Amino acid sequence: MSRTVESDQHVSAAVLAAYSYCETVTGQQARNFAYGIRLLPTAKRRAMSAVYAFSRRVDDIGDGALPPDVKADRLDETRALLARVRDGDVAEDDTDPVGVALAHAAHRFPIPLGGLDELIDGVLMDLRGETYETWDDLKVYCRCVAGAIGRVSLGIFGTEPGARGAERASEYADTLGLALQLTNILRDVREDAADGRTYLPADDLAKFGCSAGFDAPTPPAGSDFAGLVHFEVRRARALFAEGYRLLPLLDRRSGACVAAMAGIYRRLLDRIEREPEAVLRGRVSLPGREKAYVAVRGLSGLDARSVSRQHLRRRV
């Protein structure tokens, strides 16, 4: 799944400057993502930074304070840039560094750019104020804004030649994206409520008496908020368990990148499970030293080997 890539001496100064811009955006704004991609070799790290910078632009449009019609126009412009990237119409001296970097990355690696179209579709769902009755409904949204990014990233990572089960790598990458997004939704439940957004399925909210929403630092009166959180945590853990089967299919450094990013979110999930109401009081996060530990663990291959052993036990 990987292409032969040229060395840095064949990369123009304009492209290097575009990548540098994207890496700066990633370093400043991707608090969890950056811990993973720093473990990648240069070419893959730059390509992932280009994907992140494009995705950040899309997210910032959706989360910004512009009127809805202006946001829709900006998303159309961003989709048009993606079409130019796909068609090879972005020159190295283009004034948009994100477009330049993404175009170069797409030339180097077999990136399924349609996944970035899906991301735009997901942000448009936010713009329309869509809500979700069931988990199956929410999965559609999660696949757009996170599963698709997992599949895009896999185009950069590639799979190990001859890896057993590699034909399911895209499925695992998508599922891991769902696990990350559901963790995000739990972490940001109060912040999203303040923005007028509810992502958790209405069926689940009703089941645990939480249909009134989360506009206060305490659970809705008479609700079983902890039960709701623990229910969603179990769902996320099942997604992580399936998505982690991607790790043995990747080369060591790509696997380390994925293990680091996913490991940070799994630890966030642990914290949320231990103290569910904390998400109503503020954003739950990990200290930098703990993120660094997770990155080292990923680089050591411990998570990948653990998944491999579990997979072998299932086969016996």
Side-chain angles (χ1 to χ4, degrees), residues 1-5 33 36-37 39-41 43-45 47-48 50-52 54-55 82 85-86 102 105-119 121-122 135-136 138-183 235-263 265-266 298-316:
M1 287 182 64
S2 61
R3 296 175 182 166
T4 301
V5 299
F33 188 81
I37 68 168
L39 303 177
L40 293 169
K44 291 184 179 182
R45 186 184 71 246
M48 288 295 293
V51 167
Y52 176 83
F54 182 90
S55 302
L82 184 59
V85 170
R86 184 182 291 111
L102 185 60
H107 177 72
R108 279 187 152 195
F109 298 99
I111 300 174
L113 294 172
L116 297 177
D117 269 310
E118 291 181 56
L119 172 63
D121 292 339
W135 167 237
D136 283 341
L138 180 58
K139 277 197 294 188
V140 174
Y141 171 78
C142 291
R143 285 209 159 96
C144 284
V145 298
I149 300 304
R151 287 178 264 121
V152 167
S153 301
L154 182 62
I156 296 170
F157 297 144
T159 55
E160 282 283 79
R164 202 165 180 181
E167 70 280 357
R168 298 191 65 186
S170 181
E171 174 190 334
Y172 296 145
D174 183 275
T175 301
L176 196 54
L178 264 63
L180 300 180
Q181 186 61 26
L182 183 53
T183 304
R235 175 176 278 155
R237 288 197 192 286
L239 293 167
F240 272 116
E242 180 70 8
Y244 259 56
R245 296 174 72 174
L246 175 65
L247 296 182
L249 307 180
L250 306 177
D251 66 74
R252 178 172 175 267
R253 291 176 70 177
S254 295
C257 171
V258 174
M261 289 189 287
Y265 278 86
R266 286 179 72 192
L299 192 58
S300 73
L302 287 172
D303 290 322
R305 288 197 294 273
S306 175
V307 172
S308 294
R309 287 194 297 270
Q310 292 170 14
H311 184 50
L312 285 173
R313 283 197 294 271
R314 292 192 192 102
R315 296 176 61 88
V316 173

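Since the model is a prediction, treat every value here as computed from it, not as a measurement.
Between Leu239 atom CG and Gln181 atom CD the span is 11.5 Å, to the nearest 0.5 Å. The structure places CZ of Arg237 at 11.5 Å from CG of Leu182, a figure rounded to the nearest 0.5 Å. For the atom pair Cys257 SG and Lys44 NZ, the distance stands at 9.5 Å (nearest 0.5 Å). Taking CZ of Arg143 as the start and CZ of Arg151 as the end, the distance is 7.5 Å to the nearest 0.5 Å. Taken to the nearest 0.5 Å, the CG atom of Leu113 stands 5.5 Å off from the CG atom of Leu82. Between Tyr52 atom OH and Ile37 atom CD1 the span is 9.5 Å, to the nearest 0.5 Å.
Between Leu40 and Ser254 the shortest heavy-atom distance is CD2-CA, 3.7 Å. The two residues Ser55 and Leu116 have their closest heavy-atom pair at OG-CD2, 4.0 Å. In terms of heavy-atom proximity, Ala236 sits nearest to Ala179 at O-CB, 4.0 Å. Considering all non-hydrogen atoms of both residues, Gly155 and Pro112 come closest at CA-CD, 4.1 Å. Shortest non-hydrogen contact noted between Asp251 and Phe157 is OD2-O, 3.7 Å. The two residues Val152 and Gly115 make their nearest non-hydrogen contact at CG2-CA, 3.8 Å.
Salt-bridge check for Glu242 with Arg168: passed, with a basic side-chain N closer than 4.0 Å to an acidic carboxylate O.
Taking 4.5 Å as the limit, every side-chain heavy atom of Phe54 sits out of range of all side-chain heavy atoms of Val85. Between Leu247 and Tyr172, the closest side-chain pair of non-hydrogen atoms is not below 4.5 Å. A 4.5 Å side-chain heavy-atom check between Thr175 and Leu246 finds every atom pair outside the cut-off. Residues Leu178 and Asp174 meet the side-chain proximity criterion, which asks for heavy atoms closer than 4.5 Å.
Among the candidates Leu249, Leu250, Val258, the single residue satisfying the side chain to side chain contact (heavy atoms under 4.5 Å, CB included) test with Leu154 is Leu250.
With hydrogens and angles disregarded, a donor-acceptor distance shorter than 3.5 Å links the side chain of Arg253 to the backbone of Leu39.
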